[in-house]
Amino acid sequence: MPELPEVEVVRRGLHNWLIDRTVADVTVLHPRSVRRHLPGATDFVARLAHTRVVEARRRGKYLWLPLDSGDALMAHLGMSGQLLLRPAHEPGERHLRIRVDFTDGQRQLRFVDQRTFGHLLVDKLVDDDAGVPLPSLITHIARDPLDPAFDDDAFAAALLRRRTGLKRALLDQSLVSGIGNIYADEALWQCRLHWAAPTERLRRPQVDALLSAVRDVMTRALAEGGTSFDSLYVNVNGESGYFSRGLRAYGRADLPCERCATLLRREVFMNRSSFSCPKCQPPPEFARF
DNA sequence: ATAAGGCCCTGCTCGC
DNA sequence: TGCGAGCAGGGCCTTA
């Protein structure tokens with residue numbers, strides 16, 4: 001559920017609150033939430049204690065807090081993860097997995113995650129090809145379309161080299177990051193492309209229209225505080241965003257297209273739903289999945 | 001190297 | 001009322 005706009009909302013909340021605060025103690029309440037921290041939960045805690053948060057950064061759906069130790073506390077929210085800043089005296093949430101206390105004793109950073117697809121880990125920062133520090137475990141994650149250093153030409157070339165379906169390519173975080181099922185459907189609807197369009201047959205104007213659509217829908221969602229269908233996605237204060245009211249394709253099966261009034265359809269592939277307009281987004285002659 | 005399918009998780013909804 | 005099936009699906013892993 002949390003895609004780039006939702007993660008960016010969280011990043012901004014963390015940035016505002018955590019800069020220059022020092023970790024006092026960390027409690028891991030569920031081992032699965034640190035499963036990608038290979039040295040284990042004890043090491044995870046030890047490498048965070050007494051470090052100071054420098055800033056909050058993001059690439060795609062990953063976010064991390066560079067620390068004065070040279071490490072970074074990295075997070076991926078998965079399907080249901082939340083990072084909350086809560087008064088230390090308030091009771092723990094039902095699915096509280098990790099708790100970080102700071103030396104000022106005021107707010108706790110809480111990782112709450114119902115489905116435990118998300119995770120936290122501590123990682124070394126390494127320089128990417130442009131000299132930007134990045135957690136070592138996500139060097140394979142491509143830049144996202146809102147990154148000023150995103151290379152449209154390189155993306156277009158890489159996309160046309162693929163031999164797969166367009167939506168599958170959009171969801172591939174090593175090609176372009178930050179796009180999930182919701183914003184993929186929204187962007188495809190906006191630029192009138194079908195999810196099964198074969199990537200190798202796209203033309204550059206279509207790629208440009210696609211990138212514009214992705215950026216537009218993500219920017220609008222960000223302005224609304226992100227998309228929420230229920231209480232699963234929230235900002236650091238536990239509040240939901242409002243962009244679900246702005247969705248024009250996702251979740252709108254059998255509802256009229258806002259452009260042509262044709263009823264939108266829901267199709268299943270990759271074990272997930274795709275919503276599209278049969279008229280505005282006609283299926284390609286040769287479909288790839 | 002790329003492409004594609006399986007798996008991990010919990011809670012909610014639906015039909016019988 | 002009980003209960004299993006279906007659904008939500010991102011990213012890592014394996015296989016071809």
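In what follows, chains are A, B, ... by sequence order, proteins preceding strands, each numbered from 1.
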Legend entry - Lys/Arg-Asp/Glu bridge criterion (N-O < 4.0 Å) met for D153(A), R204(A): yes
Which protein N or O atoms sit under 3.5 Å from an N or O of nucleotides 14-16 of chain C?
none

Inset, instruction - Would you give a per-nucleotide map of nucleotides 2-7 of chain B, 5' to 3', where B means the base has a protein non-hydrogen atom under 4.0 Å away, S means only the sugar-phosphate does, and - means neither? - result: -SSS--
Inset, instruction - Select one nucleotide: of dG11(B), dG10(C), dA8(C), the one nearest the side-chain heavy atoms of Q114(A). - result: dG11(B)
Legend entry - Ion pair check, R52(A) and D20(A), cut-off under 4.0 Å: yes
Legend entry - Linked hydrophobic residues, L263(A) as query - side chain contacts closer than 4.5 Å: none
Legend entry - Pairs involving residues 27-39 of chain A, ordered by first then second residue, that meet salt bridge (charged side-chain N to carboxylate O under 4.0 Å, His left out) (sequence neighbours left out): none
Legend entry - Atom-to-atom span, CG of N181(A) to C1' of dA8(C) - whole angstrom: 10 Å
Legend entry - Spacing between R32(A) atom CZ and dC9(B) atom P, to the nearest angstrom: 4 Å
Inset, instruction - Give me the ring orientation class for F269(A) and W195(A): parallel if the planes are under 30° apart, tilted from 30 to 60°, perpendicular past 60°. - result: parallel
Legend entry - Connected hydrophobic set around M74(A), excluding itself, where side chains approach under 4.5 Å: Y62(A), W64(A), L121(A), L125(A), L134(A), L137(A), I138(A), I141(A)
Inset, instruction - Would you mind reading off the distance between I138(A) atom CD1 and dG11(C) atom P, rounded to a whole angstrom? - result: 11 Å
Legend entry - Atom-pair distance (CZ on R115(A); P on dG11(C)), nearest Å: 14 Å
Inset, instruction - With heavy atoms under 4.0 Å as the rule, sort H30(A) into base, sugar-phosphate or nothing. - result: nothing
Legend entry - Rounded distance (Å) that lies between atom P of dG11(C) and atom CG of L137(A): 14 Å
Inset, instruction - Please examine the side chains of H95(A) and D113(A), heavy atoms only from C-beta on, and report whether any two atoms are closer than 4.5 Å. - result: no
Inset, instruction - Considering just the side-chain nitrogens and oxygens of H95(A), establish if one lies under 4.0 Å of OP1 or OP2 belonging to dC9(B). - result: no
Inset, instruction - Give a yes or no on whether L73(A) and V10(A) share a hydrophobic cluster (residues Ile, Leu, Val, Met, Phe, Trp, Tyr; joining criterion: side-chain heavy atoms under 4.5 Å apart). - result: yes
Legend entry - R220(A) and E224(A) ion-paired at < 4.0 Å: no
Inset, instruction - For D71(A) and R47(A), run salt bridge (charged side-chain N to carboxylate O under 4.0 Å, His left out): C-alpha distance rounded to whole Å, both residues' side-chain angles, the deciding distance at 0.1 Å, then the answer. - result: CA-CA 8 Å; D71(A) 287 335; R47(A) 283 170 68 178; 3.3 Å; yes
Inset, instruction - Give a yes or no on this: more than 12 heavy atoms of other residues, nucleotides or ligands lie within 6.0 Å of atom CZ of R252(A). - result: yes
Inset, instruction - Taking the side chain as every heavy atom from C-beta outward, state whether V28(A) and H37(A) have any atom pair closer than 4.5 Å. - result: no
Inset, instruction - With rounding to the nearest 0.5 Å, note down the distance linking CH2 in W17(A) to CD in Q106(A). - result: 6.5 Å
Inset, instruction - Work out how much the helix from dT2(B)-dA16(C) to dC16(B)-dG2(C) bends between its end axes, five pairs an end, to the nearest 10 degrees. - result: 50°
Inset, instruction - Figure out the CD/P separation between Q82(A) and dT10(B), and round it to whole Å. - result: 16 Å
Inset, instruction - Indicate whether OP1 or OP2 belonging to dG10(C) is found under 4.0 Å from a side-chain N or O atom of Y183(A). - result: no
Legend entry - salt bridge (charged side-chain N to carboxylate O under 4.0 Å, His left out) contacts touching residues 184-199 of chain A (sequence neighbours left out): K167(A)-D185(A)
Legend entry - ring-ring contact (aromatic ring centres under 6.0 Å, His included) against F155(A), all qualifying residues, sequence neighbours excluded: F150(A)
Legend entry - Qualifying ring-ring contact (aromatic ring centres under 6.0 Å, His included) pairs with a residue from residues 196-216 of chain A, counting only residues at least two apart or across chains: none
Inset, instruction - Would you classify F269(A) as touching base, sugar-phosphate or nothing, given that sugar-phosphate means primed atoms plus P, OP1 and OP2, and contacts are heavy atoms under 4.0 Å? - result: nothing
Legend entry - Of the listed nucleotides dG11(C), dA8(C), dC12(C), the one nearest the side chain of K61(A): dG11(C)
Legend entry - Contact list for DNA chain B against residues 116-128 of chain A - heavy-atom distance below 4.0 Å: T116(A), F117(A)
Legend entry - Length of the line joining H140(A):NE2 and dA1(B):C1', which is rounded to integer Å: 16 Å
Legend entry - Set of residues satisfying side-chain contact (heavy atoms from CB on, under 4.5 Å) with respect to R162(A), sequence neighbours excluded: T164(A), D172(A), S174(A), L175(A), T199(A)
Legend entry - Euclidean distance, atom CG of residue D113(A) to atom C1' of dG10(C) [Å, nearest integer]: 12 Å
Inset, instruction - Report yes if a side-chain nitrogen or oxygen of Q173(A) is closer than 4.0 Å to either non-bridging phosphate oxygen (OP1 or OP2) of dG11(C); otherwise report no. - result: yes
Heteroatom pairs (N/O) under 3.5 angstrom, protein to nucleotides 4-7 of chain C:
none

